[in-house]
Each structure stands twice: as structure tokens, then as C-alpha cells.
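Since the structure comes first, as C-alpha cells, the remarks are kept for the end.
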Amino acid sequence: MGESYIKKNGLLYSSDLHTVLGVDDTSDAFTGRVPFGAHYIDDEVFSASPYESISLPDSVKQIGNALFENSLALKKVKLPSSITELPPYLFSGCSALIKITMPNSLETLSEGLFKGCSSLADIPFRAGIKVLPVSVFEGCTGLKSLIIPSTVEKIESRAVADCSALETVVIPGNIAEIAPDAFAGCNSIRNIRIDGESSKFFVGEDGNLYKKGAASDELIIRVCAAKGADYSFFKENADEIPVEIAEDDEELDDDTFSAEIGASDEESDFMDISNTKVKNEVVNMEDNNVDSMLADIMGEEKERVSGSESTGVSEKEAEVLSEAMDVMSESPAQSTVGAVSNEELENLFSKQEEQELGKSAEEKKDPNVIDGKTKILIDSVAFSRVLNYKPAGEVPEDGDLFVIAEKTVTGENGNKDFSKKLLACCNTFARIHDFQRVFLLAGLPFENEEFTQFYFHYINKRNVILACQAEKPSLLSDYAKKICEESRISLDRNELNEQRKSAAQKTDMLIKLVIRDNYEE
């Protein structure tokens, strides 16, 4: 630090007030938000700092090395939107970090950028990233899935090493180089996919990722060994095994996501709403005439699931589910053409920067306000509908439910709509969980990479339900599988069992559920 500096707003500035040199430890005025006007933040200004949230203004054009390194309390960071390059190891050791607002113009990630960020569950990729550099995500032990953007061509040494919770990896088809130790220490990987055709890499019958070689193929990523007893993925007599009484050493038919609510033992593996009696749509949750089509059976389900230990997808089934679906699928993929063009989507997302941190809880819960990101989602899909409610009980922290319908129906007026049974089902979920709004969406444009990345990061901490046509996971369409993947609808047996309970009663858990709709008007 130079000899001359100015104290202001709890910070130390250069004499021209353009450079932040440090934090004034004699003042408690700094709250975590750097005021607009600074052009440069010096090296290590916030390293090992006690702040949980730090926001840098858009006036900042450059930030110093190791700026946030080892700030163990840091949870949220907003970076300036105009920055084009981030210094190496910027967030290294920030073990509590969970949310970063990245610059729109960023096209490269730096070495060790998120190393040791053990609480980070989602990677804030930006379009155009071509390289995952050395140790960029090393030690991100909170990461469960990694969908690498299609623009990435190279993954360098230990880029994703020691991500011990990582289960799913999606590799772009145009990848040219993956270092042999790029995924070293990732011992929980169960599912590897290649998005598109690859001339250099392939997934073997054993589920491992290999690099094609002239003499022999090179093992790049190894899936972890399956736990539990070895058994056939399909059982010829599976239909004879009732859901609620399957023995511990028996497996349910096909690959059950969740037992149905309101369906008999002989019906579908999914929660089935096909036999639901539909009443007139009512959205006032204080009205005694609210449709109660699932109230009683959900009460029965609550009692049933509390004693059931053998529902959901086993780890062995989850490990091979992807390939089995490709072979067994009988449902064609639905059109995912959105309401706007790819070019319009790209412009929409490139201009959308996340709002300033610290939005009030009242603003978030206001049912009359649809935030910018939700508006983007609604405007991007082919068809949508918003249901507003007046909850009778306490509104949960996230008072919204997103329902993704695989198909729509033609209403009595000849216009496109969601099925009456699905609308009635939404009413019931809203009543049980005191949701303020339900957003029904159809036709998500997953062919657009920018939208897919946006959707993945937006929806993962939201309540989301897939309404699909398939009775069983083996019959899911490609589009439905994509929704499950991007919405983080887990295949884990224990998580799915918990989701059944969450659907039947109000809890603090996010809802990540699959239901079946036969799309009859």
C-alpha cells in the first residue's frame, strides 16, 4: 500500500478514489458492498475476510490477485459485469461460497478459480468457455453433477479432481483433449454421457469414459463400483410385487422413481393422476370448494411411505438407467421449440445480469411480482400459464412451484392448454404446501445451449414437478429425461423416498417429483 490513502465508507482508497487498497480495520462502516466509482480492487483486499456477502460495482474494470482467497465466511459474491478476465485462484479456499454473479463478457476461466470451494453446488458457466484450466474446480466436494458447455474443447490437469460427491458428468461431443488426471479422486461418478458425436472419446459398455487410440483405448474417467447385490435390471415377475410390501431382497419392477399417489398396485410406477376426478378450477385457497382430488389419498400415502423402505430407484438401477432408457424408450421426444428464436434467446440471456444481492424476503414472496429471471423462463417456452393462490397457512421460503408438462391438450375452445387433471393436481399441491403461485410450462427449448445453462442454474433450488406420459422410467421420452437431468430430479433411492413424503405433507424440503398425466381433456 502506498503512503497516501483516503479512508471512506469503511475502505482505504488511493488519493484519486479510483483504487480500493484495503479494508479500514478501524471502522465498521463497510457492509460488503463497494460503492460505485472504484476502477480497481487491489490484491488480497478481501482475502481471509469475515464478510458473508461482497458486491463489486460495475465501475470496477480490474480486480487483483487472490482477492477473496481463504475467506471462509464468504457465501455470496457479485462481480462487475464489465470484467473480461478473472485472476487465478480468485475464490480458492472459500469453503462457504454458494453463489457467484459472473460477468456477462467472461469467456475464460482461470487456473484454480474455484479450488476448494466445497459448498459450491453449481458452476456459474458463461457461454464461450473453451478450456477448463488446471485445478479450476479441484476440491469442489459439494458438486454432484457437471454439465460441461458444448464450447469446451479442453480439460486440463486436475481440473475437476477430488470432487468426491460428483455423480454425473456430461461431456460435450466436440471435446478434443482431457488430461488423464482431470477427474482424479472423483470416486462417486456413476453416470457419464457424451452430448453429441465424439471422434475421440466414447463411453464403454462398463460405463467408463475412454479415449480412442490407434493401438489401445485409454481410460479417462472411471465410474465407481456399484454397491449392493448384483441383480437383473428388469424382472419378469415385477408386476407381481406390490409397491408397499416388496421385501428387502427384492427389487421393484423396472426402475421406480416413486410410488404412485392415487393409483393401485397394478398401475404405473409414477405418481398417477389419470384417474383423478376433476372439479372446476379454483385458485382461492381459503375457499371450501377447492378441488380435493388428492387430499385423502395423500393422507394414506403419508402413512404408507413412513413404513416403506423399498421404493425409489436402487443405486444399481440408477447407474444403468440412462443406457436402458435409450434402448427401451417407446415414447418419441416431444418438440422443444420455444416461443422465441435462438438468436433472441442469446440476446436475452447475454443482457440479463442477476439483480443486486440482498433482495428482501417481502419482495421475493410478493405474488404480484414476477422477477426478471422467471419472466425470461416464461417468455422462452412455447406455452405457459400462471396460477395464483391465496394460501391459508404460512407461505414457505420458496412459495412457487414449477410444473413442466411434457405435452399439452386442446381445450374446448380449440386452444392449447394443460390437462384439467394436471390443473387440479396443481391446486392440490398448492393447498398442501401453501404455494402462492404455480408456473406451468411446456416446450422448453433445450436445443439452445444458453437456455439450458440458464434453466439448470435457475431451477435447481426451486420446487419442480415433471408431468410426463410414461408409466415407467424406461418409457420416458428423451425430452422428459432431459427435464429430469436439468431439473435435478434425482434417481437416488433415499431422495426419491423423501420426495414421496414431501408430496404428501408440508415440509421444508424442495419438491423434485415425477407424476404421470395421460393428457386426456
Side-chain angles (χ1 to χ4, degrees), residues 32-33 52-58 75-81 97-104 121-127 283 285 338-340 344-391 394-405 418 426 429-430 433-446 448 450-465 483 486-488 508-512:
R33 186 182 298 276
E52 291 188 0
S53 175
I54 295 178
S55 178
L56 304 183
D58 288 345
K75 295 181 179 180
K76 300 179 181 179
V77 172
K78 178 191 176 298
L79 297 175
S81 60
L97 188 66
I98 58 175
K99 187 175 184 179
I100 312 103
T101 302
M102 299 287 275
N104 285 328
D122 303 301
I123 302 301
F125 285 118
R126 284 298 185 194
V283 295
M285 302 313 291
V340 295
E344 289 172 315
L345 279 172
E346 290 168 5
N347 291 334
L348 189 63
F349 297 129
S350 65
K351 294 177 182 178
Q352 175 67 21
E353 182 64 27
E354 185 169 342
Q355 299 295 322
E356 293 289 324
L357 299 173
K359 222 176 184 182
S360 70
E362 289 74 18
E363 288 177 307
K364 292 179 179 178
K365 291 186 177 182
D366 187 348
N368 298 315
V369 176
I370 297 180
D371 63 84
K373 286 184 177 289
T374 304
K375 187 66 165 57
I376 284 179
L377 182 59
I378 293 174
D379 291 344
S380 299
V381 303
F383 185 68
S384 64
R385 183 170 178 179
V386 182
L387 304 180
N388 291 289
Y389 299 91
K390 295 180 180 179
E394 182 179 355
V395 178
E397 183 175 353
D398 183 0
D400 295 336
L401 171 66
F402 292 82
V403 177
I404 317 299
F418 298 96
C426 292
F429 279 121
H433 296 275
D434 291 306
F435 290 133
Q436 290 180 308
R437 295 179 299 195
V438 173
F439 296 94
L440 292 108
L441 310 172
L444 279 62
F446 284 134
N448 181 277
E450 190 77 6
F451 173 84
T452 303
Q453 291 296 322
F454 165 79
Y455 178 85
F456 175 78
H457 292 293
Y458 175 79
I459 209 71
N460 76 88
K461 289 184 174 64
R462 303 278 186 156
N463 299 295
V464 58
I465 291 176
I483 293 172
E486 301 297 341
S487 303
R488 287 202 166 187
D508 293 332
M509 287 182 60
L510 285 176
I511 295 177
K512 300 284 187 180

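Keep in mind that the numbers below use all heavy atoms, side chains included, and drop hydrogens, waters and symmetry copies.
Taking OH of Y458 as the start and OG1 of T374 as the end, the distance is 2.0 Å to the nearest 0.5 Å. Atom NZ of residue K76 and atom CD of residue E52 lie 9.0 Å apart, to the nearest 0.5 angstrom. Distance CD1/I465 to CD1/I404: 10.0 Å, rounded to 0.5 Å. Interatomic distance, N463 CG to F402 CZ, rounded to the nearest 0.5 Å: 9.0 Å. Rounding to the nearest 0.5 angstrom, the gap separating the OH atom in Y455 from the OG atom in S380 is 12.0 Å. Between atom NZ of residue K461 and atom CD of residue E397 there is a gap of 11.5 Å, rounded to the nearest 0.5 Å.
With a 6.0 Å radius and a threshold of 12 heavy atoms from other residues, nucleotides or ligands, K375 has its NZ atom at or below the threshold.
K512 contributes a side-chain N or O that, together with a main-chain N or O of S487, makes up a donor-acceptor pair within less than 3.5 Å. Between the D398 side chain and the R462 main chain, no donor and acceptor come within less than 3.5 Å of each other. Side-chain N or O atoms of D400 include none that pairs as donor or acceptor with a backbone N or O of Q436 at under 3.5 Å.
At a threshold of 4.5 Å between non-hydrogen side-chain atoms, the residues F435 and P391 do not count as touching. With a 4.5 Å cut-off on side-chain heavy atoms, F125 and F456 do not count as touching. Using a 4.5 Å cut-off on side-chain heavy atoms (C-beta onward), H433 and L401 make no contact. No side-chain heavy atom of L377 sits under 4.5 Å from any side-chain heavy atom of F439. Looking at heavy atoms from C-beta onward, I459 lies out of side-chain contact with E486 at the 4.5 angstrom threshold. I376 places none of its side-chain heavy atoms less than 4.5 Å from the side chain of F451. F446 is listed as a side-chain neighbour of I483, based on a closest heavy-atom distance under 4.5 Å.
Annotation: side-chain contact (heavy atoms from CB on, under 4.5 Å) contacts of P124 (sequence neighbours excluded): I100, M102, F114. Applying the side-chain contact (heavy atoms from CB on, under 4.5 Å) rule to N460 yields the partners D122, R488; only residues at least two apart in sequence or on another chain are considered. Taking the side-chain contact (heavy atoms from CB on, under 4.5 Å) definition, one finds that S384 meets it with I378, V381, L441, sequence neighbours left out.
Of all heavy-atom pairs between N388 and R437, the closest is OD1-CG, 3.3 Å. P103 approaches S81 most closely through the heavy-atom pair CB-O, 3.7 Å. What you find for D58 and P80 is that their closest heavy atoms are OD1-CA, 3.7 Å. L56 and I54 get closest at one heavy-atom pair: CD2-CG2, 4.0 Å.
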